[in-house]
Amino acid sequence: MAQSVKIYDVVIVGSGAAGGTLAAHLARKGVDVAVVEGGPKINTRTDFNTHAMPWEFANRQIPRMKPGKQGMASERARGLGGKTLTWNAVAWRQSHRDFKGKSIEGAGEDWPIDYPDLAPYYEKIEREVGVCGNYDNLPDLPDGVFLPPVPFKCSDRLIAKGAKKLGLKIIHVRKSTLSRNQFGRPACHFCGNCMAGCDVVAKYNSYDCHMLPALKTGKLELIPNAVVRHVVVNGENRATGVRYVHRETKQEGEVLGRTVVVSCACVQSVALLQMSNIANSSGQLGKHFIPHFTGGVEAFLDGLKGTPLKNDEGFLDHAYLPSFMHERKRDYARSFGAQFGYQNRRSIGWAREIKGMGADYKQAVKDRYPAFVVFSPYGEMLPNAHSYIDLDHNRKDEFGLPSARRHLAWGPNDKLIFNDMQKWAAEILRSAGAEILKIHDDPRPNHELGGARMGSDPRTSVVDAQCRAHDVPNLYVIDGSVFPSASEKNPTHTIMALAARAADDIARRLQRREI
């Protein structure tokens with residue numbers, strides 16, 4: 001077996017929002033770090049089909065990677081930067097109500113930390129990467145340190161007017177995308193395809209914005225194409241490193257470290273811990289899988305039908321409907337928020353739904369093209385015993401590793417939220433003067449969370465308030481898997497803040513020789 005002879009202070013598995021943030025923060029503190037990533041190095045400026053259009057390809061489907069470029073093909077082989085290469089960059093802070101939902105509403109699970117514990121780290125991340133947004137003074141959506149917000153699109157203004165008639169407020173979205181030049185990166189040029197890479201790095205990704213600058217410290221080494229299959233724990237119950245399979249050669253290797261951090265992304269982190277048969281004395285590993293669920297209403301805004309065609313895609317969604325149900329009487333716990341917009345030239349499958357033939361049909365599609373919007377509410381799922389993650393040993397991938405298997409069951413509270421958020425979405429659109437095309441009937445999972453729950457009691461959780469495993473003192477798990485509850489907010493900003501907070505804890509414990 002090929003083996004690294006060097007023993008790093010910290011070995012991090014995964015290079016996305018958590019792994020990249022953690023690596024940079026540790027390296028800047030003088031900690032010797034190795035990042036082990038299953039995918040290759042990806043050049044965001046040249047390797048994605050960022051500006052491609054469907055009609056340029058025979059099957060009208062845009063391949064994510066350009067010909068001859070590798071990465072992003074599977075969950076085990078993405079690339080340096082992980083999912084931050086292709087995320088939508090929405091960046092919300094969670095609130096006190098999100099961290100203490102069980103205490104406040106008697107539903108879900110409390111975090112062992114509260115908003116004041118994470119607020120300094122939210123701010124630190126905002127100052128490092130740049131988050132555009134408005135100061136809205138909403139108690140359930142704390143303000144941060146923002147660059148100027150991007151302007152509403154025409155569709156946003158129409159929806160905001162419709163929402164206002166119902167007593168609801170539409171706000172500017174907050175994203176880790178630059179609205180003005182900063183950090184040697186340009187402002188967004190609104191090409192409208194944020195989830196297919198960003199070829200100017202106006203949108204944050206962990207490779208270009210965190211890890212690449214941290215390489216200058218001399219304390220960070222990046223090890224790509226290394227698909228980790230096992231976290232090694234010795235007879236003294238200490239993690240000593242990780243074993244991997246090289247993505248291309250299939251040869252095995254090992255990276256040694258005084259501390260190991262698993263940050264593969266929710267489901268894959270749980271799967272790696274399960275393959276390693278560690279961190280599960282509580283029997284809770286894999287349980288409490290709580291992805292967000294999303295609805296969806298597709299519509300055409302009457303005020304935009306037949307208007308001149310123009311490129312107003314922006315960076316997809318410029319506006320947001322924040323949670324408003326917490327103070328209202330309802331028959332369920334928790335709440336929902338909604339993203340909307342998404343109208344762009346790469347997604348016009350709705351044309352198949354329009355009735356007619358010939359010239360009349362073509363005109364109907366042309367009239368509706370500038371008016372199409374998708375309203376996507378996100379709801380908070382409550383933990384239940386029927387939603388969990390395990391391994392499928394009968395279905396192995398190209399590396400001989402068992403596939404991660406998701407078991408998902410929506411509970412009664414989830415269904416009540418879903419029905420209500422779909423109802424509100426349709427009402428807002430109708431109030432805005434819209435022709436409803438489709439209301440989706442079933443919730444769909446999004447933003448995978450849970451499975452390695454954070455908690456104070458080792459009998460009911462996997463990691464502690466610092467994301468350190470209860471069972472193995474020098475093992476950390478940092479990504480969406482540690483969320484005890486989901487909230488309705490996109491989780492990446494919170495994951496990055498958790499990583500920055502854990503960096504302080506790891507550096508302090510290494511200095512004191514506690515790990």
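Owing to the predicted nature of the structure, the values given are computational and were not obtained by experimental measurement. Just so you know, residue 1 is the first one in the sequence shown, and it goes up from there.
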Side chain to side chain, Ser335 and Ile417, heavy atoms closer than 4.5 Å: no
Which heavy atom in Tyr115 sits nearest to a heavy atom in Gln94, and how many Å separate them? CD1-O, 3.1 Å
For Leu510 and Thr259, what are the C-alpha separation, side-chain angles and deciding distance, and is it a side-chain contact (heavy atoms from CB on, under 4.5 Å)? CA-CA 9 Å; Leu510 283 169; Thr259 301; 3.8 Å; yes
Is any side-chain heavy atom of Ser206 less than 4.5 Å from a side-chain heavy atom of Met211? yes
Under 4.0 Å between a side-chain nitrogen and a carboxylate oxygen: does that hold for Asp110 and Lys102? no
What residues form a salt bridge (Lys or Arg N to Asp or Glu O under 4.0 Å) with Asp9, not counting sequence neighbours? Arg258
Output yes when a side-chain donor or acceptor of Glu123 lies under 3.5 Å from a complementary backbone atom of Gly144, and no otherwise. no
Measuring centre to centre across the rings, with the benzene-like ring taken for any Trp, is Tyr388 within less than 6.0 Å of His407? yes
Can you list the residues that meet the side-chain hydrogen bond (donor to acceptor under 3.5 Å, both in side chains) rule with Gln511, with sequence neighbours excluded? none
Check this for me, if you would: do Glu252 and Arg229 make a salt bridge, where the nitrogen-to-carboxylate-oxygen distance has to be below 4.0 angstrom? yes
Polar side-chain atom of Tyr204 near backbone of Lys175 as donor-acceptor pair, under 3.5 Å: no
Could you tell me which non-hydrogen atom of Asn193 sits nearest to which non-hydrogen atom of Asn49, and how far apart they are? ND2-O, 4.0 Å
Taking only Lys NZ, Arg NE, NH1 and NH2, and the carboxylate oxygens of Asp or Glu, determine whether Lys489 and Asp98 approach each other closer than 4.0 Å. yes
Any non-hydrogen side-chain atom of Leu408 less than 4.5 Å from a side-chain atom of Pro291? yes
Test of understanding: with side-chain hydrogen bond (donor to acceptor under 3.5 Å, both in side chains), list the residues that count as partners of His326, not counting sequence neighbours. Glu105
Residue pairs passing the side chain to side chain donor-acceptor pair (under 3.5 Å) test where at least one lies in residues 284-295, sequence neighbours excluded: Gln284-His288, His288-Arg453, His292-His447
Nearest heavy-atom neighbours spanning Leu26 and Ala507: CD2-N, 4.2 Å
Any pair with a residue in residues 192-216 that passes salt bridge (charged side-chain N to carboxylate O under 4.0 Å, His left out), sequence neighbours left out, goes on the list, sorted by first then second residue, please. Arg45-Asp208
Test: ring-ring contact (aromatic ring centres under 6.0 Å, His included). Region: residues 450-483. Which pairs qualify, not counting sequence neighbours? Trp111-Phe483
Given the rule in the side-chain contact (heavy atoms from CB on, under 4.5 Å) test, do Asp505 and Arg509 qualify, once you have shown the distances and angles that lead to the verdict? CA-CA 6 Å; Asp505 184 67; Arg509 290 181 187 274; 2.9 Å; yes
Main chain of Ala214, side chain of Thr217: is a donor-acceptor contact present, judged purely on distance under 3.5 Å? yes
Distance only, no hydrogens: is a donor on one side chain within 3.5 Å (strictly under) of an acceptor on the other, for Asn234 and Thr240? no
Do any N or O atoms from the side chain of Asn280 and from the backbone of Leu285 form a donor-acceptor pair under 3.5 angstrom? yes
Ser403 (side chain) donor-acceptor with Arg395 (main chain) under 3.5 angstrom: yes
Is there a donor-acceptor contact under 3.5 Å from the side chain of Arg78 to the main chain of Met72? no
Applied to residues 58-69, the salt bridge (charged side-chain N to carboxylate O under 4.0 Å, His left out) test, sequence neighbours excluded, yields Asp47-Lys69
With sequence neighbours left out, what residues match Arg346 under side-chain hydrogen bond (donor to acceptor under 3.5 Å, both in side chains)? none
Side-chain contact test, heavy atoms from C-beta onward, threshold under 4.5 Å: evaluate it for Asn413 versus Met381 and give yes or no. no
Full working for salt bridge (Lys or Arg N to Asp or Glu O under 4.0 Å) between Arg508 and Glu514: CA-CA 8 Å; Arg508 183 169 53 250; Glu514 295 176 358; over 6 Å; no
If we ignore hydrogens and angles and just use 3.5 Å, is the side chain of Asn205 paired with the main-chain N or O of Leu85 as donor and acceptor? no
Measuring from atom CH2 of Trp92 to atom OG of Ser95, what distance do you get when rounded to the nearest 0.5 angstrom? 12.5 Å
Centroid-to-centroid, His230 to Tyr244, below 6.0 Å? no
Aromatic ring proximity Phe418/Trp410, centre distance under 6.0 Å: no
Show every donor-acceptor pair shorter than 3.5 Å between a side-chain atom in residues 219-226 and any protein atom, with sequence neighbours excluded, or say none if there are none.
unit_1 : atom_1 : unit_2 : atom_2 : d
Glu221 : OE1    : Tyr8   : OH     : 2.3
Asn225 : OD1    : Arg247 : NE     : 2.8
Asn225 : OD1    : Arg247 : NH2    : 3.0

In short, salt bridge (charged side-chain N to carboxylate O under 4.0 Å, His left out) pairs touching residues 407-421 with sequence neighbours left out are Asp420-Lys423
Polar side-chain atom of Asn474 near backbone of Ala239 as donor-acceptor pair, under 3.5 Å: yes
Validation row: Leu178, Phe183 side chains within 4.5 angstrom (heavy atoms): yes
Can you pull out every salt bridge (charged side-chain N to carboxylate O under 4.0 Å, His left out) where at least one residue sits in residues 15-42? Sequence neighbours excluded, please. Lys6-Asp32, Arg28-Glu128, Lys29-Asp504
Report the distance from atom OG of Ser323 to atom CE of Met421, rounding to the nearest 0.5 Å. 12.0 Å
Side chain to side chain, Ile278 and Leu475, heavy atoms closer than 4.5 Å: yes
I need the single residue from Val463, Val228, Leu273 that forms a side-chain contact (heavy atoms from CB on, under 4.5 Å) with Val262. Which is it? Leu273
For Gln422 and His440, run side-chain contact (heavy atoms from CB on, under 4.5 Å): C-alpha distance rounded to whole Å, both residues' side-chain angles, the deciding distance at 0.1 Å, then the answer. CA-CA 8 Å; Gln422 292 290 82; His440 293 279; 4.1 Å; yes
Whether the Asn490 and Gln339 side chains hold a donor-acceptor pair (N or O, under 3.5 Å, no angle test) is what I'd like checked. yes
Please check this pair: side chain of Glu126 against backbone of Val145, looking for a donor-acceptor N/O pair closer than 3.5 Å. yes
Are side-chain heavy atoms of Phe48 and Ile42 found at a separation under 4.5 Å? yes
Separation between CG of Leu498 and OH of Tyr122, rounded to the nearest 0.5 Å: 7.0 Å
Side chains of Tyr378 and Asn446: does their closest heavy-atom pair fall under 4.5 Å? yes
Which residues satisfy the side-chain hydrogen bond (donor to acceptor under 3.5 Å, both in side chains) test with Asp471, sequence neighbours excluded? Ser281
Considering all heavy atoms of both residues, which atom of Ile495 and which atom of Gly480 are nearest to each other, and what is their separation? CD1-N, 3.6 Å
Nearest heavy atoms of Gly16 and Thr84, plus distance in Å: C-CG2, 4.0 Å
Please name the pair of heavy atoms, one in Phe375 and one in Ala338, separated by the smallest distance, quoted to 0.1 Å. CE2-CB, 3.4 Å
Examine distances only and state if a side-chain atom of Thr50 and a backbone atom of Ala196 form a donor-acceptor pair shorter than 3.5 Å. yes
